[in-house]
Engineer: 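Structure incoming, see below.
Whatever order the structure lists ligands and atoms in, that order sets their numbers, starting from 1. Residue numbers run from 1 in the order of the sequence given.
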Amino acid sequence: MTLHALLFDVDGTLADTERDGHRPAFNQAFADAGLDWHWDVALYGKLLSVTGGKERMKYYVDHFRPDYGKPANFDDLVVELHQAKTRHFAALAARGGIPMRPGVKRLLLEARAAGLRLAIATTTTPENVTVLLEHSLGSGTQDWFEVIAAGDIVPAKKPAPDIYHLALEKMGLEPAVCLAFEDSENGLRAALGAGLKTLVTVNDYTLEHDFTGAAVVLSDLGEPDAPNRVLAGPDLGQPFVDVAYLRTLHQR
Ligand code: XBP
Ligand code: MG
């Protein structure tokens, strides 16, 4: 089976957005609203078990703030907080404050040149993807992706496979001719649930996750002058991920 397409998660995979992007954006939104909620780096790691910013805020209140009296319009408040958080995230990303992870731009350029089709499948809000790509990958780079499947467009977020099903459906492709890129257990479960072979690159928040079923688990995609490390799965003897590596991995 020939490899035709690559499907990328965004948060944690294309860029390390969580600790220094989403987290401070949530905190700014809480402070704006006069709430005494503050998510430090360690707490945010626990909250990441829930995907989706609105879902994460509700989980925080239910599990960590028994003292908080929910107002009658709590769901509306969560939506407003999330809109403010999205504005703060966009401002941060627009300042170029969230760089792409090692090897990402190099691999995307090479994949395009090789004629591979590209898509995004993420639980994050669509605006976050556009602003991140525009300012961290480069102007006009959203057009590199023929499908950007993001956010509330599907009823169930990762670990449900829905967002991957949607991206595959829009591309008219079978999972067998694609590879997915993920950084987290929830993301991996979503991709595997859609029948996709999945390459995992870990980050500080996901190092200890259970990546059973991944095609390979790597420290990052690597660069010719900055080799990556194989954390689980086959060592194909190549210090960085390129299209030839992906074709070999996909065949296995
Ligand atoms: C990403 C998420 C998102 C972001 C915040 O997961 O869980 O909720 O943290 O985005 P994945 P929003 O990388 O598996 O897609 O606040 O826009 O929901
Ligand atoms: Mg992710």
Engineer: What is the closest protein heavy atom to atom 6 (O) of ligand 1, and at what distance does it sit?
Structural biologist: T123 OG1, 3.1 Å
Engineer: Regarding atom 16 (O) of ligand 1: of the candidates R56, K85, H22, which has the closest heavy atom?
Structural biologist: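 Closest candidate by heavy-atom distance is K85.
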Engineer: Which of the numbered atoms in ligand 1 are under 4.0 angstrom from any heavy atom belonging to N128?
Structural biologist: 17 (O)
Engineer: Using a side-chain heavy atom cutoff under 4.5 Å and only I, L, V, M, F, W and Y, what cluster partners does F26 have?
Structural biologist: F30, L35, W37, W39, V41, L43, Y44, L47, L48, V50, M57, Y59, Y60, V61, F64, Y68, F74, L77, V78, L81, Y205
Engineer: What I want to find out is whether K58 reaches D75 closely enough, with some N-O distance under 4.0 Å, to be called a salt bridge.
Structural biologist: yes
Engineer: What are the atoms of ligand 1, with element, lying closer than 4.0 Å to any heavy atom of H82?
Structural biologist: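 So the answer, numbered in order with elements, is 12 (P), 16 (O), 17 (O), 18 (O).
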Engineer: Any nitrogen or oxygen of E18 lying under 3.5 Å from a nitrogen or oxygen in ligand 1? Just yes or no.
Structural biologist: yes
Engineer: Which atoms of ligand 1 are found less than 4.0 Å from any heavy atom of Y44?
Structural biologist: 9 (O)
Engineer: Looking at ligand 1, is there an atom of it that comes within less than 4.0 Å of some heavy atom belonging to N186?
Structural biologist: no
Engineer: Of all the heavy-atom pairs spanning L196 and C178, show the shortest one and how long it is.
Structural biologist: CD2-CB, 3.5 Å
Engineer: For atom 17 (O) of ligand 1, which protein heavy atom lies nearest, and how many Å away is it?
Structural biologist: T125 OG1, 2.5 Å
Engineer: Can you tell me the protein heavy atom closest to atom 14 (O) of ligand 1 and the distance?
Structural biologist: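 Ranked first by proximity to atom 14 (O) of ligand 1 is K158 CD, 3.4 Å.
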Engineer: May I ask you to identify the nearest protein heavy atom to atom 13 (O) of ligand 1, giving residue, atom name and distance to one decimal place in Å?
Structural biologist: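 Checking every protein heavy atom, the shortest distance to atom 13 (O) of ligand 1 gives D9 OD1, 2.8 Å.
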Engineer: For the Mg ion (ligand 2), find the closest N/O/S atom on D9 and give its atom name.
Structural biologist: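 This turns out to be OD2.
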Engineer: Locate the shortest heavy-atom distance separating Y164 from A194; write the atom from each residue and the value.
Structural biologist: CB-CB, 3.6 Å
Engineer: Between D11 and ligand 1, is there a nitrogen or oxygen pair with a distance under 3.5 Å?
Structural biologist: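 In this structure, D11 places an N or O atom under 3.5 Å from an N or O of ligand 1.
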Engineer: Using a strict threshold of under 4.0 Å (side-chain N to carboxylate O), is an ion pair present between R23 and E18?
Structural biologist: no
Engineer: Check this for me: does any side-chain nitrogen of one of K157 and D152 sit under 4.0 Å from a carboxylate oxygen of the other?
Structural biologist: yes
Engineer: Name the closest protein heavy atom to atom 18 (O) of ligand 1, giving the residue it belongs to and the distance to 0.1 Å.
Structural biologist: G53 N, 2.6 Å
Engineer: Give the atoms of ligand 1, by number and element, whose distance to some non-hydrogen atom of T122 is under 4.0 Å.
Structural biologist: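 What qualifies from ligand 1 is 15 (O).
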Engineer: To 10 degrees, how wide is the angle O (D11) to the Mg ion (ligand 2) to OD1 (D183)?
Structural biologist: 90°
Engineer: Would you call K158-E182 a salt bridge at under 4.0 Å N-O?
Structural biologist: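 Looking at K158 and E182, the cut-off is met.
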Engineer: If you measure from the Lys or Arg side-chain nitrogens to the Asp or Glu carboxylate oxygens, is any gap between R229 and D235 under 4.0 Å?
Structural biologist: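 Looking at R229 and D235, the cut-off is not met.
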Engineer: Restricting to non-hydrogen atoms, name the atom on L249 and the atom on P234 that form the minimum distance, rounded to 0.1 Å.
Structural biologist: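 In terms of heavy atoms, the two residues are closest at CD1-CG, 4.3 Å.
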Engineer: Counting only heavy atoms from other residues, nucleotides and ligands, does the tally under 6.0 Å from CD of E146 exceed 12?
Structural biologist: yes
Engineer: What closest approach, in Å, do V243 and A114 show between heavy atoms, and which atom pair accounts for it?
Structural biologist: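 Residues V243 and A114, closest heavy atoms: CG1-CB, 4.2 Å.
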Engineer: Looking only at protein heavy atoms, which one is nearest to atom 10 (O) of ligand 1, and how far off is it?
Structural biologist: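 Ranked first by proximity to atom 10 (O) of ligand 1 is T124 OG1, 2.8 Å.
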Engineer: Report the nearest protein non-hydrogen atom to atom 8 (O) of ligand 1: residue, atom name, distance rounded to 0.1 Å.
Structural biologist: G52 N, 2.8 Å
